[in-house]
K.L.:
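Got a structure for you, questions after.
What you are looking at is a predicted structure, and each value in this text was computed from that prediction instead of being measured. Below, chain A is the first sequence line, B the second, and so on; all start at residue 1.
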Number of protein chains: 2
Amino acid sequence: MKEKSSKASFAAAKRRTECVCINLRRMSRTVSQIYDDALAPADIKITQFCLLRAIERIGPTGVGALAEDQELDRTTLTRNLALLEREGFIEQAPGPDRRTSLTRLTRAGTAAVARALPHWERVQDELRDALGDETLKKLNEIQATISAAAAGSGKS
Amino acid sequence: MKEKSSKASFAAAKRRTECVCINLRRMSRTVSQIYDDALAPADIKITQFCLLRAIERIGPTGVGALAEDQELDRTTLTRNLALLEREGFIEQAPGPDRRTSLTRLTRAGTAAVARALPHWERVQDELRDALGDETLKKLNEIQATISAAAAGSGKS
DNA sequence: GAAAATTAGGTGCATATACTCATATTATAT
DNA sequence: ATATAATATGAGTATATGCACCTAATTTTC
């Protein structure tokens, strides 16, 4: 159990801690596939499911506000919404402003969420079993910290 | 400090634990932008930097083996490599097999990694400061668990 | 040794993501 | 009232990602 040197141990520990970013990207990819597989019977992707749920939660909303809520680039959201509209899951209503139109769920959209929900709950529970409840909470905390840090430094 | 009921508390806790997948995707997006911003002076993206480093680490390799190492879809990797080749950072050498050609770094690729490395180390340290060393280790553990779980269930 | 199975890889298509630039609308300052 | 600033959004372009399908080369079977 002897160590070569404390310097070497430190270097080894640092090496084991790989790039945080690629680590997160890898987890994101892997877990996205797990969720997409689980939602496949409901014929919807996890990204779209969560986007529909967000719109359902916050009610009719403009693109900018929704993008801020999701911490997603506004122009990315525009294209994601276009797909959901093509599927008939959302529709545009006139907003308080001629610049803005409000996005809201259609009946088909509400139905799609309801249809996919049991599948989502199942895979979410499976992941909870695999990782542990504390780990899931920890992930939420880390996410909040990262968002706060990014919001603090980035925007003007 | 009274609770309405243990049932309600449980539901509230469950609600606070949002979709793990979207949580990870959000972190992945946010952190990727932090790293991309940090690497911008070196004119390279974090995805490409880490891919170059992986090739540097494991030496000349075929697409399939590299994809497995990165836990990245093989066809995704093909296109990511095409961009790096276009930039002159990697090149193809004949493999042991007429089906396979080995990818390796060029001098320009090695130089690009060296040029970006200090920027990467800086942002990595900043994130370590913001999140704490224990959290970074925890993230690595979670990543390993997720990969193991996905490998265990998915592949045949 | 030839047919069949396996292995290695690429292409077409689709979604997800973000940056830059352009446009239209509203609010503000004078 | 008008020029200007601020706001809200979309379109063009580019990278990242994965699935279904296809081709070529090698290995295995008989």
K.L.:
Is any N or O donor-acceptor pair between the side chain of Arg99(B) and the base of dG9(C) shorter than 3.5 Å?
P.N.:
no
K.L.:
Does the dG9(C) base have a donor-acceptor partner in the side chain of Arg79(B) within less than 3.5 Å?
P.N.:
no
K.L.:
Could you work out which one of dA16(C), dG12(D), dT7(C) sits closest to the side chain of Gln48(A)?
P.N.:
dA16(C)
K.L.:
What's Asp97(B) touching, base or sugar-phosphate or nothing? Going by heavy atoms closer than 4.0 Å.
P.N.:
sugar-phosphate
K.L.:
Heavy atoms from C-beta onward define the side chain here; which of dG9(C), dT9(D), dT15(C) lies closest to that of Thr100(B)?
P.N.:
dG9(C)
K.L.:
Just N and O in the side chain of Gln33(B): are any of them under 4.0 Å from OP1 or OP2 of dT17(C)?
P.N.:
no
K.L.:
Nearest whole angstrom, please: distance from the P of dA18(C) to the CG of Asp37(B).
P.N.:
12 Å
K.L.:
Classify the side-chain pair Glu71(B)/Thr30(A) by whether it contains a donor and acceptor separated by less than 3.5 Å.
P.N.:
no
K.L.:
With a 3.5 Å cut-off and heavy atoms only, can you find an N or O donor on one side and an acceptor on the other between the side chain of Arg74(A) and the base of dG10(D)?
P.N.:
yes
K.L.:
Mind checking if Thr76(B) touches a base, just sugar-phosphate, or nothing, with heavy atoms under 4.0 Å?
P.N.:
base
K.L.:
OP1 or OP2 of dT17(C) versus the side-chain N and O atoms of Arg29(B): is any pair under 4.0 Å?
P.N.:
yes
K.L.:
Can you check whether Asn80(B) has a side-chain N or O nearer than 4.0 Å to OP1 or OP2 of dT15(D)?
P.N.:
no
K.L.:
Between atom CG in Asp73(B) and atom P in dA16(C), what is the gap in whole Å?
P.N.:
16 Å
K.L.:
Once you apply a heavy-atom cut-off of 4.0 Å, does Arg26(B) come out as touching a base, just sugar-phosphate, or nothing?
P.N.:
nothing
K.L.:
Got a sec: does the CZ of Arg98(B) have more than 12 other heavy atoms crowding it under 6.0 Å?
P.N.:
no
K.L.:
Looking for any heavy atom pair under 4.0 Å, which part of the strands does Gly62(A) touch: base, sugar-phosphate only, or nothing?
P.N.:
sugar-phosphate
